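Index from 1, following the sequence. Just so you know, these numbers come straight off a predicted model, no measurement behind them.
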Amino acid sequence: MDSIDPTIRQRFLDALASGDMFALFERTREVIGTYPDDPQVRYLQALAMARLGDEDAALRLYERNKVEEIGSEDAIALKGRLFKDLAVRATGERQVELFRKSSEAYRTANRMSDGYFSGINAATTALLAGDVDDARKLATAIGRRPDVANPQDYFAAASGAEAMLVRGEVEEATKLYSAARQRPDASPGMIASTARQVKLIAGKLPISDEQREQLLASIRPSPVMHYCGHMFRAGWMIEQQLVQEIGAILDETGALIAYGPLACGADILIAEAILARGGELHVVLPFGEEDFLRTSVRVGGAAWEPRYFAAREAASSVTFATQMNHVDDDELFAYCSKLVMGLAQLRAGVMHAEAFQLAVWDGKPASGVAGTAADCAEWMRQGGKTRIISIPEDRPPLETVALAEKRNRPAWSLRSILFADFAGFSRLDEDNLSRFLQVVMGRIARVLDGHGDAVLTRNSWGDAVYAVITSPAQAAEIALEIQEELDPESLQQIGLPAGDGMRISLHHGPIFEHFDAVQGARTFYGTEVTVAARIEPRVPVGAIYTTQPFAAMIESDRNDYHFEYVGKMDLAKNYGVRILYRLGTSNE
């Protein structure tokens with residue numbers, strides 16, 4: 001059989017490097033039918049599904065693709081990872097069994113290449129399974145390795161600390177973790193991953209609350225920052241003073257991850273300070289970029305625009321709260337601010353880090369729904385802490401905003417959008433199709449009926465369901481109820497094929513409302529509706545995936561839901577890259 005074209009292999013590597021696990025899975029799926037024996041395709045397809053957060057599906061792919069037979073350390077270690085991830089979600093004897101299977105897989109991988117990565121994971125999962133003596137023997141062997149005892153990079157240093165922790169040497173492990181996080185190659189993501197592992201291990205050790213807190217603090221990720229502040233003209237005499245005060249707070253807190261806009265004045269100063277420290281800058285703009293430049297950058301003078309583009313180009317991400325143009329409505333700015341806050345809190349939750357707000361504020365109370373004072377009030381309402389840098393009320397006036405020509409624009413509102421369909425629908429015969437329409441669609445209808453006026457509109461065609469819902473909290477509740485009503489076991493009981501089931505996507509954003517003369521009812525449309533529709537076909541069976549804006553708006557309202565990051569997806573037809581999360585409840 002011919003080998004895979006190198007350009008196709010490079011597409012695999014590009015998707016892996018960019019974190020687009022959806023693209024990686026799709027690209028391997030397209031190729032594996034033609035090259036079923038290729039070890040790279042077999043391995044990467046299972047890895048992509050594992051990183052998408054569906055461990056059960058990944059394990060099925062692992063077995064179907066016979067990944068274990070590839071015989072490499074990575075291939076066997078992947079099995080260990082899958083069992084470990086499943087164990088974290090399990091309880092009781094099932095959890096112990098899965099941790100033990102994970103340890104066995106990691107040991108097998110370690111025997112193949114003697115790598116410290118598989119070795120330390122074998123030790124840790126043995127400890128989590130309750131095999132303490134065995135775990136400590138494995139950890140001792142890892143700790144004695146020259147490349148771990150005298151580490152040359154972050155992962156080796158963290159593995160040495162983990163070996164000490166598994167052995168019960170908590171104080172020494174605390175010192176080693178503290179040293180590891182100071183290494184120049186230690187990124188926030190690496191530290192966050194280590195912190196999650198430490199939290200797992202700490203829960204199994206007989207240590208005092210004080211020891212546990214010192215241990216967790218030693219590897220706690222840097223705080224995540226939401227920033228906001230007043231706009232002002234370039235060249236204002238206090239600019240350098242503000243730069244110094246911003247720098248002092250960043251040095252004190254150690255913040256290296258920041259979320260906010262890029263308006264002239266305080267925003268750009270904070271962004272430049274984060275970038276100067278090698279941190280992550282995540283820019284969120286309220287609407288189309290040209291309109292943002294006109295309303296929020298150029299008004300401070302020509303000198304701000306090149307600084308805006310320099311920060312934008314250096315940012316780790318640039319997100320638009322909506323792709324719609326500015327409509328001379330402060331609600332768009334208010335929505336963007338709440339979205340940014342949610343993103344910061346969401347990132348802090350994923351990293352098990354703290355979040356705080358940095359505000360350059362003149363102290364005047366809010367006079368509307370948007371602005372620095374409104375942002376401070378909203379952050380306080382959410383229970384957050386704010387560090388304030390004072391700025392005089394008397395600032396040089398900004399230039400007048402040249403408002404775009406007003407056009408007759410339909411009413412818009414912030415709404416949540418649900419799309420769902422049934423994977424395997426096209427394979428149903430007439431008998432199963434009748435049961436599907438009666439049971440599956442009937443149950444979905446009852447769920448929607450149960451939420452009354454919260455469901456603003458609904459539609460269906462074939463197996464697809466579309467609904468516009470008043471708020472993210474209501475939409476999440478509806479999606480979870482549909483998921484519970486249509487679990488795989490109940491679907492099989494009515495005769496539907498195993499492996500088929502519902503997949504649901506949720507999105508939130510500004511959409512337009514219109515009256516549909518044909519249906520005699522109101523309807524909703526716009527870019528954000530299209531975004532929601534494009535995500536749903538990529539959702540695994542039985543799962544609920546949400547966009548980052550949806551997850552962020554839920555997070556900012558402190559609802560009782562849990563979001564697990566699953567990856568990036570590049571939408572077709574210039575709809576950009578979307579970061580997706582899996583929705584669950586906080587008790588999962």
With sequence neighbours excluded, tell me which residues meet side chain to side chain donor-acceptor pair (under 3.5 Å) with [X].
| X | result |
| --- | --- |
| T386 | Q357 |
| R111 | T108 |
| E245 | Q241 |
| H507 | E528, T547 |

Donor-acceptor pair, [X] side chain versus [Y] backbone, under 3.5 Å?
| X | Y | value |
| --- | --- | --- |
| H230 | I391 | no |
| R387 | I249 | no |
| S193 | M190 | no |
| D362 | S390 | no |
| T319 | V284 | no |
| T125 | A122 | yes |
| S103 | F99 | no |
| Q95 | A87 | yes |
| Y62 | A75 | yes |
| N110 | Y106 | no |

Does anything in [range] pair up under salt bridge (charged side-chain N to carboxylate O under 4.0 Å, His left out), and if so which pairs, sequence neighbours excluded?
| range | value |
| --- | --- |
| residues 101-110 | E97-K101, R107-D134 |
| residues 220-244 | E213-R220, R233-E399, E239-R307 |
| residues 195-209 | D209-R212 |
| residues 148-173 | none |

Exercise for review: Identify the two heavy atoms, one from S337 and one from D375, that lie closest to each other, and give their separation to 0.1 Å.
Suggested key: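 Closest approach of S337 to D375: OG-OD1, 2.9 Å.
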
If I compare all heavy atoms of P151 with all of R183, which pair ends up nearest, and what's the gap?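 Looks like O-NH2, 3.5 Å.
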
ring-ring contact (aromatic ring centres under 6.0 Å, His included) contacts in which one or both residues fall within residues 236-277, not counting sequence neighbours
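For residues 236-277: F232-W236, Y259-H282.
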
Summary of ring-ring contact (aromatic ring centres under 6.0 Å, His included) pairs that have at least one residue in residues 203-226, sequence neighbours excluded
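Matches after skipping sequence neighbours: H226-W379.
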
Applying salt bridge (Lys or Arg N to Asp or Glu O under 4.0 Å), can you list everything that pairs with R9, at least two apart in sequence or on another chain?
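By the salt bridge (Lys or Arg N to Asp or Glu O under 4.0 Å) rule, R9 matches D38.
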
message: Between K385 and E354, does any side-chain N to carboxylate O distance fall below 4.0 Å?
response: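 Salt bridge: no.
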
**Q.** Electrostatic pair K137-D133, nearest N-O below 4.0 angstrom
**A.**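 A salt bridge is absent here (no side-chain N lies under 4.0 Å from a carboxylate O).
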
Note to self: As an exercise, state the distance from CG of L281 to CZ of R312, rounded to the nearest 0.5 Å.
What the structure shows: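 Here the rounded value is 11.5 Å.
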
Are [X] and [Y] packed together at the side-chain level, in the sense that at least one heavy-atom pair is separated by less than 4.5 angstrom?
| X | Y | answer |
| --- | --- | --- |
| R51 | F25 | no |
| W304 | D267 | no |
| W361 | I389 | no |
| M225 | I274 | yes |
| L98 | S102 | no |
| F333 | S296 | yes |
| Q152 | D147 | no |

So, [X] versus [Y]: side-chain donor-acceptor pair below 3.5 Å or not?
| X | Y | result |
| --- | --- | --- |
| Q197 | K84 | yes |
| D74 | S72 | no |
| Q214 | T174 | no |

- Task: List in chain and number order the residues that pass ring pair (Phe, Tyr, Trp, His ring centres under 6.0 Å) with Y177, two or more places apart in sequence or in another chain; answer none if no residue qualifies.
- Result: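 Scan of Y177 (ring pair (Phe, Tyr, Trp, His ring centres under 6.0 Å), adjacent residues dropped) gives none.
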
